[in-house]
Number of protein chains: 2
Amino acid sequence: MQVSLQALKAFESAARQGSFKLAAEELSLTPTAISHHVSNLESRLNVNLFHRHGRRISLTGTGKRLAEATSDGFRKIDSALEEVMKAGSAVRVTTTSSLAAMVLIPAQHEFEQANPDFSMEVSTGESVDSQSHIIPIRFGDASVAEDSDIISYESFNVFGAYGMKPPSWSNDSITLFTTEWKNRLLPDPPLAAWLEKNGLDGSNIKLKKLDQEFLGIQQAMAQNGLVFCSTTLTKRLLEANLLQQFETEPVKSDLCYYVPNKDSYETRSAARFLNWIEDIFKQ
Amino acid sequence: MQVSLQALKAFESAARQGSFKLAAEELSLTPTAISHHVSNLESRLNVNLFHRHGRRISLTGTGKRLAEATSDGFRKIDSALEEVMKAGSAVRVTTTSSLAAMVLIPAQHEFEQANPDFSMEVSTGESVDSQSHIIPIRFGDASVAEDSDIISYESFNVFGAYGMKPPSWSNDSITLFTTEWKNRLLPDPPLAAWLEKNGLDGSNIKLKKLDQEFLGIQQAMAQNGLVFCSTTLTKRLLEANLLQQFETEPVKSDLCYYVPNKDSYETRSAARFLNWIEDIFKQ
DNA sequence: AGTATAGATGATTTAAACTCATCTAGAGGT
DNA sequence: ACCTCTAGATGAGTTTAAATCATCTATACT
């Protein structure tokens, strides 16, 4: 006394639409299939689900009750399925505006080219965070993040527009853009450590602080000064000969990019994306 | 990009039970079938639903979410289905204790014999009325019930134990059991009309009132007197030579048996039962 | 280490689902 | 009133999906 789910699905559609023909269209079947399914259901359940007035049909009371429950049930299943399918067919990433603007968005096309099954969506801002299938790439304190979640430890260096003559560190008056995070809990960019490592005292450096790294990078490209920022963000611009670096040594920072609960992303698209982004950071 | 409902059902069971083997048992399939279904689902959705630790499995986050929704959905559908199946496989009737005791229960076996597909359940009392698939046969005022709902208009007559000598209506002192309904809105048994129709004045009749007709019938069978009651209840006892009637004429009453919203019972078992009970009343 | 068990994988079989051809009964138009 | 057109019913035949069988792998337990 088993009833098939497909028969129920056919019945549900016919009940909702009030017509076998329309149900057949909805399910990409022939009206005959619907008719068979419904009558099969009726005989298995020993119940009439539709009244037949010649070529018109209407639900019986029992039919109505069954239709309501099955509609609810299938709706629930369908919406969950849809969500999973969305998660499976696209990677949604949210991150800082700097990483998005300097790395993810420029590389978005490459990713989609290499992974034609998936599309990739990048968003910034705090709004739709933790929506379960959106991958957040956070920028934060390496000592706070889980080791296994960390994608890259950030190093910092100074960069300038491509083609400018290298500054004379000791004599010139230098404008240097750096970043003061909006979030005061984050470690500052390691400028002091950088100066020390490169044997500079910084007395002739005029600091200008912005709250996003990429704003400083844009200023540097606009020849308005140099920028002290993380190397990940500038890699692409160096390769594209839009920025250059000088004879200075980069310094490590306490900052890192990480994905909270990285291991909990099991969709294939997410796995593919995470591998891909880790490769990018490693290069 | 269609996923089959059976695959979802297999996944749901595996997720709930935490094992392909158990899911296979639950669905009367082989573990292989479950494995195929799940991996088919995973590749269609581009998502891993289970972690595989060698021979042990556990749900991924996505799997958990999908499992919850599908479980809910299928639960809903299953319970509706179960209710419909119950309604389809059995007739549940509730009615007065008199009709149940004198007519339905004695005939129950005949019905099941003639309709081996269905079982029949009889209950009395007001408790589990209107439970949607329970058919209530009410005893009431014919002017209040819908015409199309009425199964039979009741006639009344006097009956005595089989084998007793017919009473001498004018001389003997006669004990007559009759009924005073608990529900005071019901028309009284038409005793006055019966006396008139049979040319009796009733002066030598000692009335004893009980609140159920079948109680009076039992008294009559126990030779404790005669009973004035509806003819439907006594038909079977007359045939079985347990009761007899005399040279008196029956009278019509304002009482009837009816099934509220008779036309709304569309299960095959209910239709079969209603036809059957109408036949019984007609005979 | 050896055995037993859960699951994966691929080929084959089986059964369910679907369609096609044909038929019936209203509904709608003239 | 008649013809036509459409929705659905029915039965036989076909196709596809689902289930199994045989085989293999990894691992848990003795």
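Just so it is clear: chains get the letters A, B, ... in the order the sequence lines come, proteins before strands, and each one is counted from 1.
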Among D:dA7, C:dG7, C:dA17, the nucleotide that comes nearest once only the side chain of A:Lys21 is considered: D:dA7
Euclidean distance, atom CZ of residue B:Arg44 to atom C1' of D:dA18 [Å, nearest integer]: 12 Å
d(CZ, B:Phe11; P, D:dA18) in whole Å: 17 Å
NZ or CZ of B:Lys9 within 45° of B:Phe74 ring axis and under 6.0 Å: yes
Residue mapping more 5' on DNA chain C - nearest nucleotide basis, A:His37 or B:Ile57: B:Ile57
A:Asp72 CG to B:Ile77 CD1 distance, which is reported to the nearest 0.5 Å: 9.0 Å
Value in whole Å for how far the C1' atom of C:dT13 lies from NE2 of B:His36: 13 Å
Sugar-phosphate, base or nothing in reach of A:Ser39, heavy atoms under 4.0 Å: nothing
Whole angstrom value for the distance that separates C1' of D:dA9 from CG of A:Asn40: 14 Å
Minimum-distance pair of heavy atoms, taken over all atoms of A:Met120 and A:Glu112: N-OE2, 2.8 Å
Separation of C:dA8 P from B:Phe50 CZ (nearest whole Å): 9 Å
Whole angstrom value for the distance that separates P of C:dA6 from CG of B:Leu29: 17 Å
Sugar-phosphate, base or nothing in reach of A:Ser19, heavy atoms under 4.0 Å: sugar-phosphate
Any donor-acceptor N or O pair under 3.5 Å, side chains A:Ser152, A:Glu154: yes
Side-chain-base donor-acceptor pair under 3.5 Å for A:His53 and D:dG8: no
Length of the line joining B:Leu5:CG and D:dA17:C1', which is rounded to integer Å: 13 Å
Nearest-Å distance for atom pair CD/P, residues A:Gln17 and D:dG8: 11 Å
Partner set under side chain to side chain contact (heavy atoms under 4.5 Å, CB included) for B:Ala15, not counting sequence neighbours: B:Phe11, B:Phe50, B:Leu59, B:Ala67
Touch class at under 4.0 angstrom, heavy-atom based, for B:Arg56 against every strand present: nothing
Residue A:Ser35, side-chain heavy atoms: nucleotide from C:dA8, D:dA9, C:dT19 that is nearest: D:dA9
Short side-chain N/O contact from B:Arg52 to OP1 or OP2 of C:dA8, under 4.0 Å: yes
Selected nucleotide, minimal atom distance to B:Arg55 side chain, candidates D:dA19, D:dA28, C:dT19: D:dA28
Per A:Thr32 side chain, nearest of listed nucleotides D:dG11, C:dT9, C:dG7: D:dG11
